[in-house]
Structures are given as C-alpha cells and as structure tokens.
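Protein chains get the first letters and strands the later ones, always in sequence-line order, with residue 1 at the start of each.
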2 protein chains.
Amino acid sequence: MSAAPRRRRTGRDQLLAVALELFARDGIQATSLQGIADEAGVTKAGLYYHYKTKDEIVLDVLKPLLDALPAVTRRAEAHRTRIARVDEVLGGLIEIALYEHSGFAVLMQDPYLTRLLSEQASMRQWWDDTTALILGSDPDPQIRIGLVMFINGLAGASRDPAMAHLDDRDRRQSLLECGRRLLRQD
Amino acid sequence: MSAAPRRRRTGRDQLLAVALELFARDGIQATSLQGIADEAGVTKAGLYYHYKTKDEIVLDVLKPLLDALPAVTRRAEAHRTRIARVDEVLGGLIEIALYEHSGFAVLMQDPYLTRLLSEQASMRQWWDDTTALILGSDPDPQIRIGLVMFINGLAGASRDPAMAHLDDRDRRQSLLECGRRLLRQD
DNA sequence: GTCTATAAACCGATAGAC
DNA sequence: GTCTATCGGTTTATAGAC
C-alpha cells in the first residue's frame, strides 16, 4: 500500500478559492471566466479542462456550503428541547458564516445563484426543514420573520467591517445573542 | 400663470420603474439596457436620449432612496431619549423597506451598486451618522452588530415570501419588534 | 424624441496544437 | 494540462436619419 495521498495544491483547488473571492466581491454575473483565469495565473481556455461550463464552477465553489447547511439542520433535529434545537441551528449557521463568510453571503444573496438553485429543490427543501424545526407546530409569524432576518442579517454581518474589531470568540457570542433575541418566544 | 404642471407619465419615469424591477430581480450587472428598453417598449438607443451611461440610470433609480435614508436619521436626531431615536430610525427604515422593498434590497446588497457608491462618500456618511446616533457615546459591539444585522436582515426580509401572508400593519409590527430586540440594551 | 445601423469590446464556449 | 486562435452572441455606447 502506498502512503495516503497528500492533499496536493492542484489547479482545481486554487481555481475555486480565486473564483469564490471574486464572486463575493463583484457578484457571480460580473465575474468573468477571463477574470478568474487571470487571477489564477492561467488562460481562459485552461479553465475548460477542469470545468465544462461557468455554472459548473459556480456550483463546485458553493458545494461545501450546500452540504454543510442540511448537516446543521440534521444535527439540530436530534435535540429534544426547542431551545437546544435553536442553539444548534444558530451555532451551526454562525460557524459556517464566519468560516466561509464569502461563500455564505454569495449563497444567500447572489441573484445569479438564486436563479441557478431555483431549478433544483435542495435549497428550498433545506429552508422548509429548518423553518419547520424552529417554528414547530405553532408557526408564529414573528419568529418566522425573525428567522428570515437572522439568515439574511448573518450573511451581511459576517462580512461587515464591524466584525474586524472583534476576536473570533466575541464574534460568535454576539451573533448568537442576535439570533437568540430574534427567535425568543415570549 | 398657467396651471400647475400635471405629473406627466413621461418616458423617464416609466424607464425608472421598469429598471428598478429588473435590477431587483436579476441584479444590476445582469440587467442589460436592451432588457430595460424591451420591457419599457422603446429601443436601446432611445435610452441614451435620457441618460448618457448605464451608471446614470442606476443612480437615478436609487436617488429617492439615497435621499430618504439621511432624512430618517435627521428626524431621529431630534428626539431626546435613546428609545425614541431608535424607534424613529427603525420605523423610518421599515417604511422605506416596505414601500420600496425592491430598491432597498438593491441598495443594500447589490455588488454593482456597492462599488458604484464606494467612490462617493454619501452612503458611508449616512451609515456613520446612523450608527453614532444609535450607539451613542458608549459603542457596545453587541448593539453595533445588531444594527448591521437589522439593516441587512430588513433588506432580505422585505422581499421574502413570508411577508406575503401578512397585512401591512402586521409587517411593520413584526419588523419593528425584530429591530427593538436587536437594539435593546440590557 | 425615437428610430436604424453600427462600432468596439467583452462574454461563454470550442477546436486543435503541443 | 495548458496553450493560441477563433466562433457566435451580447454588451455598452455612438452616429445620423426622421
């Protein structure tokens, strides 16, 4: 048996990192394959060895996040009390938003991706599951809107300069407090 | 003296309404002048009689909102207590977001506009004034992040399908409650 | 004020050499 | 795997007739 394959810094990984950065900064539509290629130090045609279309690049860039989201909801479903489920969802989403804040904002706000994912049912399914988990059998409109506001607010807040002044622990704590306030049942 | 000029439905107003709708749906970058012209029932070249560049159209579309935002902050500055200032800001922003929810989301989230406005100082100035007004002399990081989350969350929530089930009064009330929770000092 | 026609640049995508 | 060269289509923007 040969040694476990070391994680090579293949061209593919480099491309995804560059693409994500540009997607987050300029939006997907405004990011050309030429721009990605230039930033990655290859030619535009070189991208087409790895990917057949631009959409394929977009989906591959966001794939880790598209997988991470349902995983959070699944973990939260295992808890017995509502407060534990809420904290698991909030903590999981905050973790994702902080660790991949570029991707999270793109995922939640980019109109190109919204349209791309609207053809699939995965994102919609995740949202339905998550709202059902948080709202339970008594769907309070206030909490529903609070959840919408948290998701969208988290996407915006995670890349706001106000976060730069805080260390990682304080960021998590502040965002968690925001979520708890929005989802609190009185 | 002639009669006061009636508000003619001139081509210009029609263009702005069409453009805003497309900007909100597809993003500014993905909205071509051809698309605006088609939807407005004119030719692409016809747009250039009214506007010299695409950016000029974009700024004119968002001008009402760019004027409305500082007006809210100025009104809020007149109040003596913090709670009154907070409610004035929240109520004003909610009013704008609900009445012009397409424009508000574009203003806060579209990367094309973000870049366009980053060259000017007006948006930045408004944000600094508003945060200073809400935070006061003791800038609590928690409240600062709550404000960031409210602004971004409001943009997303104002065009969420969850709002469709509520009447106008309930929408205002729910969003106001969200803002009060996020900005509450304990 | 609105049109047709067109310029110049850029877009995503493909063919084929090395 | 990466390159050069190119295709067809679309973009912003302009020129000029009516």
Exercise for the section: Check step by step if salt bridge (charged side-chain N to carboxylate O under 4.0 Å, His left out) holds for D129(B) and R74(B). Expected result: CA-CA 9 Å; D129(B) 291 347; R74(B) 247 181 292 120; over 6 Å; no
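One interatomic measurement links the two molecules: NZ of K52(A) to P of dA15(C), which rounds to 13 Å at whole-angstrom precision. If you take NZ of K54(B) and C1' of dT10(D), they are 12 Å apart, rounded to a whole angstrom. Atoms CD (Q14(A)) and C1' (dT2(D)) sit 15 Å apart, rounded to a whole Å. When rounded to the nearest whole Å, the span between CD1 of I57(B) and P of dT12(D) equals 9 Å. To the nearest angstrom, C1' of dG16(D) lies 17 Å from OH of Y48(B).
Remark: the Y99(A) side chain and the D168(A) side chain contain no N/O donor-acceptor pair separated by less than 3.5 Å. Side-chain contact check for W126(A) and T130(A): at least one donor-acceptor pair (N or O, by modelled atom type) lies under 3.5 Å.
Taken residue by residue, residues 25-44 of chain B places heavy atoms nearer than 4.0 Å to DNA chain D at T31(B), S32(B), L33(B), K44(B).
At least one cation-pi condition fails for K54(A) and Y48(A): the charged atom is not both under 6.0 angstrom from the six-membered ring centre and inside a 45 degree cone around its axis. Geometric assessment of R159(B) against the ring of F104(B) yields a negative cation-pi assignment under the 6.0 Å and 45° thresholds.
The Y49(A) side chain lies nearest to dG1(D) when the options are dT14(C), dG1(D), dA13(D).
The two atoms that bring R184(A) and R181(B) nearest to each other are O-NH1, 2.8 Å, heavy atoms only.
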